[in-house]
Amino acid sequence: MKLWAGRFEGETDKAADSFNSSLSFDKRLYACDIEGSKAHCTMLGNCAIIPNDEAKLIVKTLDQIRADIDDGKLVIENAEDIHSFVENELVSRIGSVGKKLHTGRSRNDQVALDTRLYLRDATKEVISLLKALISRLADISANNLETVMPAFTHLQKAQPTTLAHHFMAYAEMFARDCKRYAEAHERINVMPLGSGACTSTAYSIDRKAVADYLGFPAITANSMDAVSDRDFVIDFLSASAITMMHLSRFSEEIIIWSSDEYKYVELSDKYSTGSSIMPQKKNPDMNELLRGKTGRVYGDLMNMLTVMKGIPLAYDKDMQEDKECVFDAYDTVKACLEIFTALLGDMKINKDTLRKSTDGGFTSATECADYLAKRGVPFRDAHSIIGQLVIYCIKNGKTLQTLTLDEYNKFGDFDEEIYDAIKAENAIALRKAPGGPSPSAMKEEISAMRAYLSELN
Ligand code: ARG
């Protein structure tokens, strides 16, 4: 039964019906829809807009409908959308009393409420998955405060750092993602019901009571805005797109690091796959999929930005397109965070390879230049001298570590202390200002991060 059949004399074309229907995807909102209806109905009863005993019967029946759907006894089918399905089912169970549920309400404010209820939980779930990932990164970092490795710029070896420093850089990104979701949650967590189709309702409703019932701290301020706003959806998608960008970037590094050229890490058998033809292969498919799936979530964001960019106030059916973006982004981010956190926990870190790799590529050249600068050579001159020293090393198959003092002294005024100065561990230990890689600075960063995590609810 269509909720709007009264005004129509003819039947809707079958293709139009199926084109119009959102049930195949918005059925995921059934629990939100039912909880929202219970709140609305309880308020209608308490405000004497409908008789209280009828309101109670409706709420009780809605609970039964929810339980039957939860248990798989009631299959969601044969309706235009989830709102029509629930109402039809209600009417089929309790007859005309059920027809009073929609008093003072429109599907426009109803769907806004359902989506907000859904996203309220979704943001919390993503935040808890991010929290698990960050705490795994903090644990791995705490165990690798002295795992020396090269820092890269332009994917060229730059300066010595530690694995803890590198991993905590990602922890910081994921912590900002948490904040973005928390901010999105704040804007999502506003109650739109009572906005009606667009200009609210003439019934003496109690919007605050509905908000309290559903645990919303605030109600929307303008009914036109409330039924036509989807920026809260875009907030969620945008936080999701940025989170995926971070996951993708990290995945890219793991793909590079697990290659035979690098061998910095080894993925466990649990999270790698093989080749059907090349027996030797162990491929980082999980990370590649993570990188690939980032495109979907960017697509979800672009989709919704584009849907919203030209539609006049207030509600337009275009907005029905928001749901698949939300579900797709949510499912993708969730699955990606879960697999990535698991994969990191089982990844072997090849400390020796990382250490050896640090001495290649002249990562101590900055230390050499600083060594001269500290002895009074203007830094720009020191930079140029060490540049020539590097050319000498390349031509003679040497490293800064294997040069003799005589060779050093052909270029400037060096003594034995140069060998200590260019030791990666020493260079790292000196970088103890906040934000740097020294084990003491990293301990501070990790404990600040853990404090942040423990405050997150
Ligand atoms: N399925 C619709 C949506 O997702 C529900 C709202 C329908 N409102 C309407 N006036 N046709 O947006």
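We count ligands from 1, going down the list as the structure has it; atoms in each ligand are counted the same way. Only a predicted model underlies this, so the values are computations on that prediction, with no experimental measurement involved.
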Please output the side-chain donor-acceptor pairs of residues 208-216 that fall under 3.5 Å, not counting sequence neighbours, one pair per line with the distance.
| residue | atom | partner | partner atom | Å |
| --- | --- | --- | --- | --- |
| K208 | NZ | D212 | OD1 | 3.1 |

List, for ligand 1, each N/O atom that has a protein N/O partner under 3.5 Å away, with both atom names and the distance.
| residue | atom | partner | partner atom | Å |
| --- | --- | --- | --- | --- |
| ligand 1 | 1 (N) | S22 | OG | 3.3 |
| ligand 1 | 1 (N) | D81 | OD2 | 3.3 |
| ligand 1 | 1 (N) | Q320 | OE1 | 2.7 |
| ligand 1 | 4 (O) | K323 | NZ | 2.6 |
| ligand 1 | 8 (N) | N108 | OD1 | 2.9 |
| ligand 1 | 10 (N) | N108 | OD1 | 3.0 |
| ligand 1 | 12 (O) | Y315 | OH | 2.4 |

Salt bridge or not between [X] and [Y]? Use side-chain N to carboxylate O under 4.0 Å.
X	Y	value
D33	R28	no
E35	R116	no
D359	K356	no
K2	D17	yes

Please state whether the rings of Y118 and Y330 are parallel, tilted or perpendicular, taking 30° and 60° as the class boundaries.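 Geometry flag for Y330 against Y118: perpendicular rings.
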